[in-house]
Amino acid sequence: MKLSLALLLSATMLAGCATTADRPGTDTAATTPVVAAPAAKPAYGTFGFDEAGMDRSVKPGDNFYNYASGTWTKNTPIPADKSNYGAFNILSDLSESRTREILDAAAKDPASKIGTAYASYLDRSAIDAKGMAPVQPLLTRIKATTKADYSTLLGELSRVGVRGPIAAGVGQDDKNPNAYVFGIYQAGLNLPDRDYYLSTDAKLAEAKAAYQVHVARLLTLAGETNAAPRAKAIVDLETAIAKVSWTRIDSRDATKTYNKMTLVQLQKAAPGLDFAAMLKASGADNVSDVVVAQPSAVTAIARLVRAAPIGVLRDQLVYNTLHNFADVLPKPLDDESFAFYGTTLGGTPEQEERWKRSVQFTSSALDDEVSKLYVAKYFPPETKAAADTLVKNIISAMNTRIDQLDWMAPETKVKAHAKLAAFVPKIGYPDRWKDYSGLQISAGDAFGNNMRASEWQHAYNIAKLGHPVERWEWGMTPMEVNAYANFGMVEIVFPAAILQPPFFDPAADPAVNYGGIGAVIGHELSHHFDDQGAKYDASGTLSDWWTPADVKNFTALTGKVVAQYDAYEPLPGMHLKGALTLGENMADLAGLTIAYDAYKKSLSGAEAPVIDGFTGDQRFYLGWAQVWRRSYREATLRQRLLTDPHSPSEQRASIVRNMDPWYGAFQPKPGDKLYLAPAERLKVW
C-alpha cells in the first residue's frame, strides 16, 4: 500500500539505486558522520532556515506553525493558478521550469518523442481546429452500446483511461508479494468524495448542485441535446452509487480490502455486470483470480447498473469521456472543466499556463524518457551520497527505538528488526528505465497522443500479469516533490526533486536537515510500522506477525492519536477526521521522534553550537515547521478535510506538542494553546 506525505495496492506517499538497511544491533548513526555544512551559503537564511519568515510576536507554545512561518504566510499570496501554496509548490514550480527547458530543446528535434508530445499538447490552435472530430468515434461507440455489451464497453474504455462505475488494474498481490494480481475497486463518482453527494452541509450541497449544472454545460458544449435532465439522471445515478460506496476510512484498511476470489465467485456475487467480458475487453483475458477491495460496494454497484436505464449508463460514460479528454478538446470544454473542478471545487481563480500543463502531460505520458534527462542535469551524485547517509542514520535510530518500546513483545521486536534489515531505500531515480518504442506519438495530434499514451500505460500494466514483480519500478518520477513507502516492496522512495531546500540542503546546518528531510525519511520508514504498514511482514506479505497483546497495546495508543486530531477544527464546523489521517499523523509523530534521535546520535555526545541565538534543538524543530509552510484556499481545504489522509500543514507542524525535547527547547507553559501535560503527550514510538 503506497501512502503520500504530501496523496493502490500496498503503498503510502508523503507527498535510484537500492541500498540495504543496517542489520539489527548495528549503530551507524553514532559513527557515520552527518555531512557537515560546507562553506557555501544555504538557500534559506544563515543556517538553512528562513528567519525572516518567522512571526516572533506569536508564542511558540500557542501556534508553532505561525511562530516559525507566520510572516511568510502573511506576505506570500497564493498564486492565481494554485489552490494552495507552500514549500512543495515552490519546488514543483522549479521542477516544471527545469523540465520545460529540457522539453523546449527537445521540441526542436522532429525525431524526439518527448519533444513532439510536448509541442502537440502546446498547440491549442491545432486542437481547436479539429473540433470534436477526434473524440467522436468514442462517443459513437458509447451511444451504440446496449445493456448486453455494456460490460464489454467498460473494458474497452478502460484502455484509454475512461472509467465507469467499476475500476480495475494490476498490482502486487498483498499476500503473495512476488506475484501480480488483478484488482477490482468501487468507482463511479466524479465528485471528490461520497460526502459531496450525501452530506447536508450547505457548502457540499452547493457543490453537488454546481456539479449537475457543469455536467449539463459540458454535454451541451459537446453538441448533446436535452442536457439538463440527462445531467440530473447522471447525478442521481452517482448519488445512488455514493450511498453504497465504502468510506475512505474503511477503504484504507489493508485487511478489509483484501478479498481474493475467483472470477466465477465474483460473477456470482455481483451478477449485474459481466466481469469476464469486461476484463477480456480490457486486454486481461487470462484472469482467474481477483482481489476485490470493497466487495459489498461492488455487488451493490452491479445491482444499480442492472437496474439503471441504458441511456443513463451511456450518458455517464459520455460525460466521463468528455471530462477525461477535456484538456485536448476545444477550448470551451477545457475551460468548463477547469471552471468546475479548478474554481468551484478548488477555489483556484485561473488555470495554469498551457506550457505547465504540457510539461505535466509529457512527464506523465513518457515519464522515464523525461526523467532520465532531468536527473542527468539536475541531480548531482554528491546529493545522493549525502541522502544515503541520512537514510542509514535514520534506519539505525529506528532500530534503537524498537528496542526501547514497552508495548511490543520481545519476539515481535526480533521480527521488527528483521523487517528493517530487509528495507530497500531508493534515492533520486530508478536504476532502469521503461522502453517506449511501442508508443506512437504524432505531431499535431494532442488528442491521439493522449489516448495512445493511456493505451500504452494500460497495456504495460496488464502485461505484468503472470510475470515476476518489477522491483526496480518506481511509482513517482524524479521530478515529483514527494516521497512514499511501499509496503509490499518493503521500500522507501525519495525522488530527486524533494532532496532540495528547504527539505534538504547540504549547505545547511545538520539540525535543519534532520528536522526536514530526516523527519520525512523517518515518516516514510515508520509507515511500515503504522496501523496498516505493520500488517506487512519482512517479505512484504500481508500477515499477522504481531502478538495479540501487541495489537491491543498499539490500538490503545492509536486511539489517542485519533482523538487528538479529531479535536482540531481547521474550518468552522469541519473537524479533522482522525481515523482517516491516522496513518499520516502517526508517521509524522514517529518520523520526527526518530529523526531527533538520529540527530542527537550524530553529535557523538557533543553539544550542538548556538547559531543566531538558536540552539540545535530549536533549529531541528524549526526545520520541521519550515517544510510545512502552506496556505490553502477555503474550497481546497474543505475538500482536503474530506478526502486527504494528510492533516493540514498547521496541524502537521503542531505535532511537536507531543515531543518532550520541544518543551525543553521552546519552554511552552501550561495555559499555552499547544501545551500538553506530560501524561497527555502522544507516545507511540
Quiz item: For Arg471, does the CZ atom have more than 12 heavy-atom neighbours from other residues, nucleotides or ligands under 6.0 Å away?
Solution: yes
Quiz prompt | Smallest separation among heavy atoms of Lys175 and Thr541, with atom names | solution = O-CG2, 3.8 Å
Exercise. Check step by step if side chain to side chain contact (heavy atoms under 4.5 Å, CB included) holds for Thr636 and Arg640.
Key: CA-CA 6 Å; Thr636 286; Arg640 284 173 177 262; 3.5 Å; yes
Quiz item: Do Tyr319 and His214 have ring centres separated by under 6.0 Å?
Solution: yes
Exercise. For salt bridge (charged side-chain N to carboxylate O under 4.0 Å, His left out), just list the numbers for Lys464 and Glu473, CA-CA rounded to whole Å, side-chain angles, deciding distance to a tenth of an Å, and then say yes or no.
Key: CA-CA 12 Å; Lys464 292 178 177 180; Glu473 198 170 19; 2.8 Å; yes
Practice problem: Answer yes or no: is there a donor N or O on one side and an acceptor on the other, between the side chain of Arg357 and the main chain of Glu352, under 3.5 Å? | Solution: no
Quiz prompt | Rounded distance (nearest 0.5 Å) linking atom OG of Ser364 with atom CD of Glu480 | solution = 9.0 Å
Quiz prompt | Heavy-atom side-chain proximity of Leu273 to Ser151 below 4.5 angstrom | solution = yes
Self-check item: Glu156 side-chain N/O to Ala281 backbone N/O, donor-acceptor pair under 3.5 Å
Solution: no
Practice problem: Determine yes or no for a side-chain-to-main-chain donor-acceptor pair under 3.5 angstrom, with Ser245 supplying the side chain and Ile241 the backbone. | Solution: yes
Quiz item: Yes or no on side chain to side chain contact (heavy atoms under 4.5 Å, CB included) for Thr643 and Asp195, after CA distance, side-chain angles and deciding distance?
Solution: CA-CA 9 Å; Thr643 63; Asp195 282 358; over 6 Å; no
Quiz prompt | Closest approach of Leu317 to Gly164 (non-hydrogen atoms, all atoms of both residues) | solution = CD2-CA, 3.9 Å
Self-check item: Where Leu237 and Ala308 come nearest, the two heavy atoms and their spacing
Solution: CD1-CB, 4.4 Å
Self-check item: Test item: Asn259 side-chain N/O and Val292 main-chain N/O as donor-acceptor pair under 3.5 Å
Solution: yes
Quiz item: Do Tyr374 and Ser95 pass the side chain to side chain donor-acceptor pair (under 3.5 Å) test, and can you show the C-alpha distance, the side-chain angles, and the key distance before you say yes or no?
Solution: CA-CA 9 Å; Tyr374 180 92; Ser95 285; 3.3 Å; yes
Quiz prompt | Donor-acceptor pair between Asn324 and Thr321 side chains, under 3.5 angstrom | solution = no
Quiz item: Nearest 0.5 Å, what's the CD1-OG distance between Ile441 and Ser120?
Solution: 8.0 Å
Quiz item: So, His527 versus Glu584: side-chain donor-acceptor pair below 3.5 Å or not?
Solution: yes
Quiz item: Got a sec: does the NZ of Lys372 have more than 12 other heavy atoms crowding it under 6.0 Å?
Solution: yes
Quiz item: Is there a donor-acceptor contact under 3.5 Å from the side chain of Asp368 to the main chain of Lys434?
Solution: yes
Quiz prompt | Under 3.5 Å: donor-acceptor pair, side chain of Asn320, backbone of Val162 | solution = no
Practice problem: Evaluate the side-chain proximity of Leu582 to Asp530: yes if any heavy-atom separation is below 4.5 Å, no if none is. | Solution: no
Exercise. Could you pull out the closest heavy-atom pair between Met132 and Pro330, with the gap in Å?
Key: SD-CD, 4.1 Å
Quiz item: Does atom NZ of Lys280 have more than 12 heavy-atom neighbours, drawn from other residues, nucleotides or ligands, at distances under 6.0 Å?
Solution: no
Practice problem: Looking only at non-hydrogen atoms, find the nearest pair between Asp128 and Lys331 and report the distance. | Solution: OD1-N, 3.0 Å
Quiz item: Once the angle between the rings of Tyr197 and Tyr211 is folded into 0 to 90°, is it parallel (under 30°), tilted (30 to 60°) or perpendicular (over 60°)?
Solution: perpendicular
Quiz prompt | Side-chain donor/acceptor of Gln316 to backbone N/O of Glu238, under 3.5 Å | solution = no
Quiz prompt | Salt-bridge contact Lys535-Asp174 (side-chain N to carboxylate O under 4.0 Å) | solution = no
Exercise. Measure from NZ or CZ of Lys419 to the centre of the six-membered ring of Phe529, then state whether that distance is under 6.0 Å and the direction lies within 45° of the axis.
Key: yes
Quiz item: Would a 4.5 Å heavy-atom cut-off, applied to side chains only, mark Glu224 and Lys143 as touching?
Solution: yes
Quiz item: For the atom pair OG1 (Thr116) and CG (Asp445), what is the distance rounded to the nearest 0.5 Å?
Solution: 11.5 Å
Exercise. Report the distance from atom CD1 of Ile234 to atom OG1 of Thr239, rounding to the nearest 0.5 Å.
Key: 11.5 Å
Practice problem: Return yes when atom NZ of Lys377 has more than 12 non-hydrogen atoms of other residues, nucleotides or ligands closer than 6.0 Å, and no otherwise. | Solution: yes
Quiz item: Does a donor on one side chain sit under 3.5 Å from an acceptor on the other, for Asp173 and Tyr258?
Solution: yes
Quiz item: Checking side chain to side chain contact (heavy atoms under 4.5 Å, CB included) for the pair Arg141/Leu157: CA distance, chi angles, key distance, verdict?
Solution: CA-CA 10 Å; Arg141 169 68 181 97; Leu157 290 177; over 6 Å; no
Quiz item: Does any N or O in the side chain of Glu491 come within less than 3.5 Å of the main-chain N or O of Asn486, such that one atom is a donor and the other an acceptor?
Solution: no
Quiz item: Ion pair present between Lys113 and Glu369, side-chain N to carboxylate O less than 4.0 angstrom?
Solution: no
Self-check item: Close side-chain approach of Tyr118 and Trp355, heavy atoms under 4.5 Å
Solution: yes
Exercise. To the nearest 0.5 angstrom, please state how far the CG atom of Leu122 sits from the CZ atom of Phe361.
Key: 11.0 Å
Quiz item: With respect to Tyr150, which candidate in Thr146, Leu154, Thr152 satisfies the side-chain contact (heavy atoms from CB on, under 4.5 Å) definition?
Solution: Leu154
Self-check item: Lys147, NZ atom: more than 12 neighbouring heavy atoms under 6.0 Å
Solution: yes
Quiz prompt | Flag side-chain contact, heavy atom, 4.5 Å: Ser363 against Thr99 | solution = yes
Practice problem: Carefully, step by step, assess Gln186 and Val244 under the rule side chain to side chain contact (heavy atoms under 4.5 Å, CB included). | Solution: CA-CA 9 Å; Gln186 66 183 24; Val244 302; over 6 Å; no
Self-check item: Taking every non-hydrogen atom, the tightest pair across Ala242 and Leu198
Solution: O-CD1, 3.7 Å
Self-check item: side-chain hydrogen bond (donor to acceptor under 3.5 Å, both in side chains) contacts in which one or both residues fall within residues 285-313, not counting sequence neighbours
Solution: Trp246-Ser296, Ser251-Gln294
Quiz prompt | Trp472 side chain to Trp433 backbone, donor-acceptor under 3.5 Å | solution = no
Quiz item: In Å and rounded to the nearest 0.5 Å, what is the CE to CG distance from Met451 to Leu138?
Solution: 5.5 Å
Quiz item: Does some side-chain heavy atom of Val298 sit less than 4.5 Å from a side-chain heavy atom of Phe275?
Solution: yes
Quiz item: Quick one: does Pro495's side chain get under 4.5 Å of Trp474's, heavy atoms only?
Solution: yes
Quiz item: With a 4.0 Å cut-off, would you call Lys256 and Asp250 a salt bridge?
Solution: yes
Quiz item: Does some side-chain heavy atom of Glu96 sit less than 4.5 Å from a side-chain heavy atom of Arg100?
Solution: no
Self-check item: Any donor-acceptor pair under 3.5 Å from Thr362 side chain to Ser358 backbone
Solution: yes
